[in-house]
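The structure presented is a predicted model; accordingly, all values stated were derived computationally and were not measured. In the text below, chain A, chain B and the rest are named by the order of the sequence lines, each starting its count at 1.
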Amino acid sequence: MLSLLIFLPVLGALLCWLLPAGQARWVNLLANLATCVLAGMVAVEAAGSTSYRLEAQHAWIPAFYGISYHVGVDGFAVSLLLLTAFVSTLGVLASWNIEKSPKGYHAMYLLLLCGMLGVFCALDLFLFYLFWEVMLLPMYFLIGIWGGPRRQYASIKFFLYTLFGSVLLLAAVIMIVLKHQTWSIPELTAAAGTSGLLGGGAGGLALAAFLGMFIGFAIKIPAFPFHTWLPDAHVEAPTPISMILAGVLLKMGGYGMMRIAYPFFPEAAAGMGAVISALSVIAIVYGALVAMAQNDLKKMIAYSSVSHMGFVTLGLAAGTPEGLNGAHYMMLAHGTISAMLFMIVGVIYERAHHRDIDRFGGLAWAMPRYSVLASFAFFASLGLPGLSGFIAEITTFIGAFNGPYKLAALVSLLGVVFTAAYYLITLQKVYLGQTPPAYLDKAHYPDVSARELAVLVPLALVTLWMGVFPAMALDCYRDVLNGLASTLSAAHAAVVAR
Amino acid sequence: MSSLALSVPDLTPYLPPMIFGSLAAVVLVGAAMAALAPRIVHAAFALMACFFGVAGIYAMLGADFLALAQVIVYIGGILVLLVFGILLTGRLKGALGMEAATRAWPAILAGALLFLGLAVALEGSSFPGSTATPAAAEATTAALGRALLDPSEYLVPFELVSVLLLAALVGAAYLARRRRA
Amino acid sequence: MSLPLNAWLLLAAALFSVGVVTVLARRNAVAVLIGIELMLNAANINLVAFDRYGADGVRGQVFSVFVLAIAAAEAAVALAIILAVFDSRDRIDVDTIDSLKG
Amino acid sequence: MLTPALVLLLAPLAGFVIQYFAGRRLPRQGDWLTLLTIGTSLACAVSILLTALAEPVGFSHTVWSAAWMNPGAGDPWTVSITIDGLTAVMLFVVTLVAFLVHLFSVGYMHGDPKYWLFFAWLQMFSVSMLILVLAGNLLHLFIGWELVGLCSYKLIGFWSEKKAPGNASRKAFITTRIGDVGMLVAIMAIYAAVGSFEFPRIFAAAQQGLLSDGWMLVAALGVFFAAVGKSAQLPLHVWLPDAMEGPTPVSALIHAATMVAAGVYLVARMMPIFPPEALTVVAVVGGVTALMAGLIAVAQNDIKKVLAYSTVSQLGYMFLGLGCGAWHAGLFHLTTHAFFKALMFLGSGSVIHACHHEQDMRKMGGLLRKLPLTGITFGIGVLAIAGVPFLSGFYSKDAILAAAWHRFPVLFWLGLGSALLTAFYMTRLFVGTFLGKPKDQHVHDHAHEGPPTMTVPLLVLAVLSVVAGYGAWHTDLLAPPLGERAVGVIQRFDTVGDTAHFEHSGFVAMLATAAGALGLLLGLVVFRAISTAAKDALRRPLAPLEAACASKFWFDELYRDMFLRPAYALARLFSWSDGGVVDGAVNGAGALGRRGARVSGATDRHVVDGAVRGSGGLAWLLGGIASRLQGGRVRAYLGWSVAAVALFLVLRQVF
Amino acid sequence: MDLAALLPAILLTAGVLAVIVADLLGRGTSPGTPLTLAVGALLLAGWAAMHVPTDGRLVLGALRADRFGQVMTLLCCGVGVVSLLATTRGEALRKPGGEFLALVLVAVLGMSTLSMAVDLVTLYLAFEMVSIPSYVLVGMRRADRLANEASMKYVLFGSVSSGLMLFGLTWLVGLAGGTSLEALRAALANGAAEQPVFYVACALVLAGFSFKVSAVPFHFWAPDVYAGAPAAVGGFLAVASKAAGFAGLVRVMGSLDLAAPALEGAERLGRVWPKGSAFLGLLAAVAVLTMTVGNLAALRQREIKRLLAWSSIAHAGYLLLALSVWSQGALAAMLFYLVAYLFMNLAAFLLAGVMIRELGTGDVEAFRGLGRRVPWLGIAFAIVLFSLTGLPPLFGFVAKLQVFTAIFEQGYVWLGVIGLVNGAISLYYYARILSSMYLADPEGEVKVPRLSWADGLLALVLVAPVLVLGLWWGWILEWARAVVPVTLLGMGG
């Protein structure tokens, strides 16, 4: 079933290619809906599970340390699987009006989906890496062909950064595989125990490999100071791709950390905890400050992503159950909220053909529904209780403070203030104030269309639902991360004792 | 006579070094002129001298066939070819083969450096033959012929070189064939 | 008094170096070829000298016979190419033939 | 008590949802619906209050608790409803004022294009405030805490098509958010030590010493800092006066009666974790704020600004009370203040409504004849706040001063001074608005009393302002919850054992009354009796003080220069460097990017910067060198190659 | 007599003669015959190569008939066929004459011989047999100024390099007292390896091979020559000639007694530089330099053939890196990489030739909008370039994985990391081509190339394996391991 889930989009991509251009989007939508259904079925099976469900394993290249096609999901992975299917489906709706080579676009889109699903299902390091990289290619084209004016620059920058990350990841993977003679993630995790692979410990090879992996994943997250590709990529990417990028792609970094880097090298991770905490705090505060200085709405949101993803690494570095759960909750919450934010930017860009915060004003009266959704998203992102961002932030804060790096948690609270500041300033500049007469022209500035609502409202509902009833999403993956937390705390204790 | 004999030292043992020295001088001076003579024609003639010197060296080393081959192939073939080339390509210039002036010292420096590297290595090491005295000179032509056609020795390269020469012939002919009018 | 092996080898090395100097110092393509021939000759001196000192058989000389042949082939081809260049450019000054670069 | 509590909470929530999504299409834009829902809540609150009156002293019931989520390894985090005496009183106050404000708004907001939306947000505010009050644990409380902030933001900025309300709402939200950082610190510290947010467990832990002294102090100060933000105390008071840009009913409800009092409520709620040092801080901040805000209020001309600073001052009073350990006195003042300050705000709303949104009291005067009901009720409010005996303010203020007298004599004098000031500026306000000759005839001519929906609330509140003081006899209800245990915690800190102690301190009462009377008298004399020339003469020596007061002690300017501008500068600096330095230095895709940028016909200055700085730029340069070596001359090629070999051979052997 | 082992060589020689004769006789009447004959000869030779004895026997004292030689012969024949066909689709020499075909056949013969040579004379001869026809192939378009220039630079640079190598070889002969690699091995085992001359000779020999595989600092010729030659010839040189160079290098190194001291565990993984012998260290340095210089210089290129030239220099670096580790796994990985490189690079040069043919220029900027206008061409090029970059799931990635795993396996983590980072850098210039083809909006009229089914078919033959073998490569790995016996390394045999 997982294989079907992963490769259904490939089938869809082929269909997109074969069928007339006008039907590509329908194929895409259908494939995505089917993915949603399948992901839902998988979730029924695997939600909350700490063991891998729906496992499938076939020998693939036994000659090379036993590479196999091995997929399976636990509660942790399935939560991201659901997020992927959800955001991706809405992304199709957001890309309904793509006019430039629609066939290619939708085919690429589906290939991207395949890559994303694959990453979350793969239990074989080789397979994981394969999907991890495969995703880059469609993304490169999606940004590069269908993006904004500086798309060439942005796409190559995105590609190069992530490739540098992957290279380091690959180096670490090769070291691990050579030493442990297997590509199987579960086996390696078991072998790592609380000490770590490659001999374990907080130094030496284990540390080198951990750093390789960490940087590889940190670029994807993106963690400070590896984040500079993100604003450019976001600004140039078309709206749906921004949604996917922020909604799912960034989460792969976090997933990789929690699934691979941290479980493989708990002691090395514990040893680097202070550094990672510091970087996270910088990301949170710095990201928020930089966001505050932006005049491009999309760039501001991109930097807000940097800031928010800082919470992920902050929670991770703490290694407490609350920290990990909060970090992952942040990934899920940010996935939906940022997708919504980027859609909101897309909506106004379609009408105004610019994104300069200073040039907007008074949209609340010109496009009331749109503005309501926008402020909803803004408040969700700045962590208003009742919405998912709050749960994520508070849990992460608490988790971080419970961990060994209390100061980091305290300093990162500054981010809360700055975040509120830039969102409210933007809200005021763009949506409040006097409405210029131009905006009241319904022909050029219609309120959100039904299609746009169909994208925004589900995201808003999920945000609300995750904010009011967090237990359901949390319980889906909680036990897995609690397991990791106990490993990490044991590792931390061991490092401290040394 | 004996006193006379005594008074005239036997130069025989010194003959080989002396011959070697003169030949080496011919070779090296020829080569140096070939390297640095401003006129390319002079260089070609210096090269001839050098080739003769090398032939002499071969002869000294008892390689009679090679000495002959050197004269025939290098002087009779390659050198002629080169001169031919010089004449053909020099026809438009007023001064035959006069090269544009160039700074030679970087080249000399590089060559000196290379020689230094080689010479230091040579001085610091010994070959299996370094301690051996040279064998008595014999005619080598027959041995060479045998070696070239011996299936366990050099039959393969011998056959290959024929193909190679054919290829070179074909290639050179093709490139040089239809000349601009 | 017999000459040591190294004498021959040093002579060859010197000749080789002069060949290299020729290659590097001359702008005329044919002169560069002359340098190459010097280098090959130097190699041949080595081979013959080794043969003379200690080795049984004539392997070195055989090698040098092949070198001779290859030198001829190489010279022929190189000259043909130089002539072709001369055809299209009216010059064989290697320093002025630099259209391809970067 | 579960059912009334749930109904109490859910009714306005339903009201909000219906009103928000469908309000515009309902008859009368749904105002009746919201009145109905908030009325239901009021009824429930009354029933809870009555039930509570029958409970033993210090009762506390967790009537409902549900696991919310469990992100940790221990007990799940819950949402829970806890009811004790304090809650019951707060519920009553909140729902009552909310109801009256709803009612008032029917008249006040009549004709506003977003009439329905106003009620929707009033409903949401009520829900949030009730969540805050009913919360049985700190996290749950924090949710309500943040939500009231949101509603406050929305309501202050209700007319955000104008710039000032937009700015004010933003300032309010961000300033309180700064305070929230303290709350988060407290939450983190408490959870780290206790592993739970439940009040009983926190207090038990505090008593058992699970919370180390250092962390307890941090947590207490964090909580207090949050309260400082929410309750507009020094140094985070700057947002409240600006918040007066919101519609006046909002000011009455949120910025006088309920939300700003939430800070006091919070500190009272968390009292058991406050060590003496923290209480001292609370008292000092409260006392200083009370005096300073009073001073500023004297120099304000906008009626609402006067009231706003008065609110800040009164809140300071409450904190003073809390800080002195007079738990119930502070809360008692909270209650009475809610009534008379709401009364005065609504009264001012009535005036503003009558004067067509003119708020400057220098353009008013003599309105008593035009607006008799408003004037009289407002007068009652003034008397109550001034502490005239037998009105509510007298009792509560007296209790606080008594506590201060016992605990911090210095602060007592501060309090007394501010009591005098209160009476003084309130008299000024009343005199300037209602008495004397109309200063702007045009405004005066058109003034008229509002519809009954506006006057009825005034009447009700006036009555309450008078009688609420007698609730002092019921302050048992405001006795610390959780029974003796928590009382014990409070007693640990201080001299004050017997809460009744304060109320019967005749000396303090006398002084307080005298101060109030003096203030009233002074006000009357200065603003009513003497000539302008005399006033000017009186003013001259006080000019510097007046300038300081009029400019609000330059807090806004200070913050702008100390925090806002540097923050922006930093933001811009980072933003710039992010484009060039970080980008370039990290792995220099910037350099490569230059090429890409050129391809797309655009070059980015920072990217170029990055190109030079970054290692990518290095790659680019090295690539250029490799490419430049490839100059096209074969002789040069050979030279490099041979030289490399020769050099290698020599170096290898010589060294 | 082991004529069976020589059958491919004999067939190739016969092919040379047949082509020349057919060309002389049939000029004007049957212009296609020589091409058919040449392709036929290559195919026959390839077929024969599949049946040669591979037991490691010594053939005529000069050649080793083992699977390594067999495979290299096979590869070179294959590359020869593809290059000939690609020439007919390329931008120049669409109708290759008999001389061209004969020279290709001779070069293939030389490559095959080079990969089997165990005698220094044969080795040198084979080396020149690859070089001399190549000089001419590059300059085949006599009237073309650039082709002439390229050819001249190639011949001068090549001759000097081979002169350096020859001088080194003569010293090796002197050390060995004979010309066979076996004798050299024996002599080195007896202490000759300690002599400074040995090291100098090695360096000189390496210089020659560096020229052949276009390694730094003997890489200068490559960009100019590839740019001046027809794309298909460039591909032939970049793939076959380079492969033969590596094969010859492997043969020589196999006799140099390079076995590295074995280390265990963590100690091993901490190694920085190959320590087996000074030679390996030198090789590693050359490898690192080569890949870095190639990649960095490629960043600056705008012309596709030049860009591919620099990229092929970088790839030589990866291959050398594998060699510098000198283990069985690394050698198998190198072979694996060579196979992948063969498909990727031939395809790249083929497609480049097709595009230059149609557009009249190799400037990357001229490719604007091509990807979307001619989708199959774009996709094929994208696959090839991503594969060259080393992105999964393409053959190029697996090949890199093999190489770097082998390097890591011997403990040279840093070498591996340098290589990997280099791979990432290479993305930039490969992506530039794609960027131009896909991302850039065309300016003005886009010239839509007219492409025939033959172009497509040829591309398919080369590109499909890049994709398919990227996913199912286990068998190639096993095969590569089988082809590289320990004896080839000069160890244990």
Side-chain angles (χ1 to χ4, degrees), chain B residues 13-14 16-17 20 24 27-28 31-32 34-35 40 43 47 54 57-58 61-63 66 69 73 77-78 81-82 85-86 88-89 92 99-100 102 104 107-108 110-111 114-115 118-119 122 127-130 132-134 140 143-144 147-148 154 157 161 164-165 168 171-172 175-176 179-180, chain C residues 1-7 9-11 13-22 24-28 30-31 33-35 37-38 41 45 48-55 57-59 61-62 64-66 68-73 75-77 79-84 86-87 90 92-93:
Chain B
Y14 302 105
F20 173 78
V27 166
L28 289 179
I40 186 78
L47 183 66
V54 173
I57 298 275
Y58 291 162
L61 285 168
L66 260 179
V73 175
I78 296 174
L81 209 58
L82 290 176
I86 291 166
L88 276 178
T89 57
L92 291 179
E99 275 186 76
T102 181
I108 295 174
L114 184 66
F115 180 71
L118 297 174
L122 280 175
F127 290 90
S130 296
T133 45
T140 56
L144 269 176
L148 281 174
Y154 297 103
V161 84
L164 176 61
L165 286 170
L175 287 177
R179 310 214 45 210
R180 195 184 51 180
Chain C
M1 179 183 169
S2 64
L3 287 155
L5 176 59
N6 260 8
L9 297 183
L10 277 173
L11 170 64
L15 183 57
F16 185 74
S17 303
V18 175
V20 169
V21 171
T22 313
L24 297 184
R26 315 270 341 198
R27 298 176 63 164
N28 187 312
V30 179
L33 278 185
I34 291 177
E37 299 308 333
L38 293 178
N41 267 282
I45 293 178
V48 176
F50 285 131
D51 241 11
R52 177 82 169 145
Y53 286 80
V58 286
R59 294 203 178 83
Q61 288 190 43
V62 172
S64 53
V65 168
F66 283 112
L68 219 63
I70 287 168
V77 167
L79 262 177
I81 290 170
I82 289 168
L83 286 182
F86 184 71
D87 260 4
D90 271 339
I92 51 168
D93 180 343

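- Considering all non-hydrogen atoms of both residues, C/Leu38 and B/Ala34 come closest at CD1-CB, 4.4 Å.
- The two residues B/Leu88 and C/Phe86 have their closest heavy-atom pair at O-CE2, 3.6 Å.
- Your options are C/Val20, C/Ile81, C/Leu10, and the one with the most heavy-atom pairs under 4.5 Å with chain B is C/Leu10.
- Contact annotation for B/Pro157: both backbone and side-chain heavy atoms come within less than 4.5 Å of a heavy atom of chain C.
- Remark: C/Ser17 OG to B/Ile108 CD1 distance equals 12.0 Å, nearest 0.5 Å.
- In terms of heavy-atom pairs under 4.5 Å with chain C, the best-connected choice from B/Ala31, B/Gly111, B/Ala104 is B/Ala31.
- Nearest heavy-atom pair, B/Val73 versus C/Ala72, reported as atom, atom and distance to 0.1 Å: CG1-CB, 4.5 Å.
- Interatomic distance, CG of B/Leu82 versus CD of C/Glu37, reported as 6.0 Å (0.5 Å rounding).
- A donor-acceptor distance shorter than 3.5 angstrom exists from the side chain of C/Asn6 to the backbone of B/Leu122, with no hydrogens or angles considered.
- The CD1 atom of B/Ile78 sits 10.0 Å away from the CG atom of C/Leu33 when rounded to the nearest 0.5 Å.
- The CZ atom of C/Arg52 sits 10.5 Å away from the OG1 atom of B/Thr140 when rounded to the nearest 0.5 Å.
- With a 4.5 Å cut-off on non-hydrogen atoms, B/Leu144 touches chain C through its backbone and its side chain both.
- The minimum heavy-atom distance between C/Val58 and B/Ala147, with the atom names listed, is CG2-CB, 4.3 Å.
- Chain B forms more heavy-atom pairs under 4.5 Å with one residue of C/Val21, C/Leu9, C/Leu24 than with any other, namely C/Val21.
- The distance from the CZ atom of B/Phe115 to the CZ atom of C/Phe16 is 12.0 Å, given to the nearest 0.5 Å.
- With a 4.5 Å cut-off on side-chain heavy atoms, B/Tyr58 and C/Asn41 count as touching.
- Note that the CG atom of B/Leu148 and the CD atom of C/Gln61 stand 10.5 Å from one another [nearest 0.5 Å].
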When you look at C/Phe50 and B/Leu61, which way does the side chain to side chain contact (heavy atoms under 4.5 Å, CB included) test go after all the steps?
CA-CA 10 Å; C/Phe50 285 131; B/Leu61 285 168; over 6 Å; no
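- Of the listed residues C/Val77, C/Leu68, C/Ile45, the one with more heavy-atom pairs under 4.5 angstrom with chain B than any other is C/Leu68.
- C/Ala25 and B/Ala35 get closest at one heavy-atom pair: CB-O, 4.5 Å.
- A distance of 6.0 Å or more separates the ring centres of B/Phe127 and C/Tyr53.
- When the candidates B/Val54, B/Leu66, B/Ile57 are compared by the number of heavy-atom contacts under 4.5 Å with chain C, B/Leu66 comes out ahead.
- Put simply, of C/Leu11, C/Val65, C/Val18, the one with the most heavy-atom pairs under 4.5 Å next to chain B is C/Leu11.
- The two residues C/Ala69 and B/Leu165 come nearest to each other via the heavy atoms O-CD2, 3.8 Å.
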